[in-house]
Amino acid sequence: MKPLSIRDLSVSFGALRVLHDISFDVRAGECFGLVGESGSGKSTVLSCAAMLWSQWTGRVEIDGVSVQDMSPAERCRTLQMVFQDPYGSLHPRHAIRTVLSEPLKIQGFDNRDARMEQALGDVGLPVDFLDRYPHQLSGGQRQRVAIARALIVEPDVLLLDEPTSALDVSVQAEILNLLAKLRDEKGFTYIMVSHDLAVVDHMCDRFAVMQTGRVVEVLDHDAISSNGATEPYARELIAASLEYERIA
Amino acid sequence: MSDTLPPQPKPKSPQWVTATGNILRFLFRQPPSAFGLVVLVLLIGSAVLAPVLATHDPYVQDLTATLLPPSSAHFFGTDELGRDVYSRLMHGSRITLTIVFLVTITVGPIGLFVGTVAGYFGGRTDTVLMRLTDIFLSFPSLILSLAFVAALGPSLNNAIIAISLTAWPPIARLARAETMTFRRADFISAARLQGASPARIIWKSIVPMCMPSVLIRLTLNMATVILTAAGLGFLGLGAQPPLPEWGAMIATGRRYMIDSWWLVTFPGLAILAVSLAFNLLGDGLRDALDPKQMHRR
Ligand SMILES: Nc1ncnc2c1ncn2[C@@H]1O[C@H](COP(=O)(O)OP(=O)(O)OP(=O)(O)O)[C@@H](O)[C@H]1O
Ligand SMILES: [Mg+2]
């Protein structure tokens, strides 16, 4: 279990400043939520932390080591990501076997077959799925494969970018329960982006509310049901979600 | 027809075998592409079996039997030096196939490499590589080939080099455009997160995605390649006599065309059939590899 901390993370795309001095800490083994309206910069925070986008200033540290100083191999074994759209995150022409064996080959793991079977088992898929292609899987199954791909390199931190928003409600619960189970078993630290406060309520110990590239407030999970936010924007967001839940 | 497959035992043959089988079956169902396939098979057959199929030696002259019209002894007649036109055509198919094959295996990889590298890296790499491509693209291909052959000296090998030089830019353009459409896709990000090097990403993730359209383009290109080769041969800048290259055969036959129609007609028909076949095949392949139907294979 490793903690993660973000200090003064700022990003500009050209003249447009997208993130303004983002700072928050995620404790070891915690599930930390990121909520906020569309375009508030949630995905950008994750891309920066994962070094998918490297033009940023500030510090992102995992267990005291800056992600900028890590070698690609070290970073790969420390941090992995699960993407929002399971239809775009698996290569359409790679069999599941390729999807899972590539990271093992790149990182030089041994016992590849055993590890692939283990990873599929961990996400609750049968072993014969290895010879399937993404188009032969349902959305939920694809997302399970994407999770298996992330955990097969035994990372410490998983970045989850709306991992369930492209899925049916019933499948959403399955995937969320799977993620919760994996965290219990393997001690992952999660950062989870979500639009849905109910999901955050279900999964996260703490969460940050973001608005136009700033962290407005960091709140405890309990703050949702009691609406314990102090900042007006966060209060409004939580109130709207409570209201929505009452109607639905 | 539905694509939501229930769990079913999968046939054990590797995927590309079934895919190739499906594509061939699709091509055979359409009359135009079936014609293309048949002509291609005939071309390969006659190239492989040329010594068996040919009734005469394509190089042996017989000055007592010049310019004979088609008959049972000489199916397509004889030329001005008494050589059997049918046998020369059969042997000429080897030259045509060699040209097509060599040009394709040089042009395909070069075009793919330049296009995917430019598309994946973007920025300055892209600018430099694409300006280079533009320079080659801005000349009409026959003119550029002519200039190269004129500089290097006329021969079959130089013709192949010249044609290759002019045929890779469209492939590079195409591969670049394809690459741009998904270089920001999540599956590329996932590969980067796994620590894959750019070379590995290009080779394992990007090239397979560009392959169908590049294959289609290469097939369509073969028609142009054949015509350019025949054109160079006709102008005396490609294959040199006595090689039985079809374009060169037309060039020499032209002088006797009025009285001896068979000298130009049969090589001309051969060029027409083969280049038409590649065009039709390319069109058929485009339908067969249509991404919307892809999930069925
Ligand atoms: N490559 C880019 N170039 C320019 N602007 C960008 C780029 N990527 C993102 N942005 C801008 O950055 C802002 C934050 O985008 P981001 O994707 O992080 O939002 P988000 O909070 O994840 O939204 P959503 O909930 O819709 O996924 C947006 O205003 C977006 O327009
Ligand atoms: Mg987002």
Side-chain angles (χ1 to χ4, degrees), chain A residues 43 46-47 49-54 70-95 97-108 126 128-139 141 145-146 149-150 152-153 155 159 161, chain B residues 1-20 22 121-123 178-179 181-215 289-297:
Chain A
S43 302
L46 297 194
S47 324
M51 291 296 286
L52 286 174
W53 178 254
S54 52
M70 291 182 188
S71 69
E74 201 180 344
R75 198 157 52 229
C76 161
R77 291 179 179 218
T78 308
L79 151 167
Q80 282 294 323
M81 194 158 166
V82 175
F83 297 89
Q84 172 173 9
D85 179 9
Y87 292 86
S89 70
L90 298 180
H91 195 293
R93 286 160 181 277
H94 285 175
R97 186 183 297 281
T98 316
V99 171
L100 296 182
S101 64
E102 271 291 289
L104 296 178
K105 282 185 198 156
I106 296 170
Q107 298 301 329
D128 61 345
F129 270 48
L130 280 177
D131 291 313
R132 294 223 186 169
Y133 282 77
H135 67 256
Q136 296 167 324
L137 306 183
S138 72
Q141 290 168 337
V145 171
R149 170 178 64 189
I152 202 165
V153 292
L159 306 179
D161 192 353
Chain B
M1 292 304 271
S2 137
D3 55 31
T4 50
L5 295 179
Q8 54 181 220
K10 272 202 54 135
K12 269 289 152 223
S13 59
Q15 215 229 358
W16 68 268
V17 174
T18 32
T20 316
N22 281 339
F121 287 104
E178 287 269 307
T179 306
T181 59
F182 53 77
R183 69 170 175 157
R184 295 266 166 264
D186 285 344
F187 61 81
I188 302 288
S189 300
R192 286 171 58 202
L193 277 182
Q194 292 160 0
S197 62
R200 193 179 185 107
I201 292 176
I202 289 176
W203 177 243
K204 295 250 173 171
S205 302
I206 293 183
V207 166
M209 296 296 283
C210 295
M211 223 41 182
S213 49
V214 165
L215 277 182
L289 298 179
D290 183 352
K292 281 184 221 111
Q293 314 195 11
M294 202 73 93
H295 59 260
R296 298 220 198 111
R297 333 184 186 274

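Please read these numbers as outputs of a predicted model, since none were measured by experiment. Below, each value reflects all heavy atoms present in this structure, side chains not excepted, and no hydrogens, waters or symmetry copies. A, B, ... follow the sequence lines: proteins, then strands. Residue 1 opens every chain.
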Completion exercise
Among A/P72, A/P92, A/A73, the residue with the most heavy-atom pairs under 4.5 Å to chain B is A/P92

Practice task
Quick one: pull up OG in B/S189 and CG in A/L46 and give me the separation to the nearest 0.5 Å.
Solution key: 12.0 Å

Practice task
Would you indicate whether B/M211, at its atom CE, is surrounded by more than 12 heavy atoms from other residues, nucleotides or ligands within a distance under 6.0 Å?
Solution key: no

Problem - Partners passing ring-ring contact (aromatic ring centres under 6.0 Å, His included) against B/F187 (at least two apart in sequence or in another chain) - result: A/H91

Validation: residues 192-199 of chain B side-chain donor-acceptor distances under 3.5 Å, sequence neighbours left out:
{"from": "B/R192", "atom 1": "NH2", "to": "A/L52", "atom 2": "O", "distance (Å)": "2.7"}
{"from": "B/S197", "atom 1": "OG", "to": "B/R200", "atom 2": "N", "distance (Å)": "3.3"}

Problem - Close side-chain approach of B/P212 and A/R93, heavy atoms under 4.5 Å - result: yes

Exercise for the section: Count the heavy-atom pairs under 4.5 Å between each of A/Q84, A/E102, A/R77 and chain B, then report the option with the highest count. Expected result: A/E102

Fill in the blank from the handout: All heavy atoms of A/S89 vs all of B/A190, minimum pair found to be O-CB, 4.5 Å

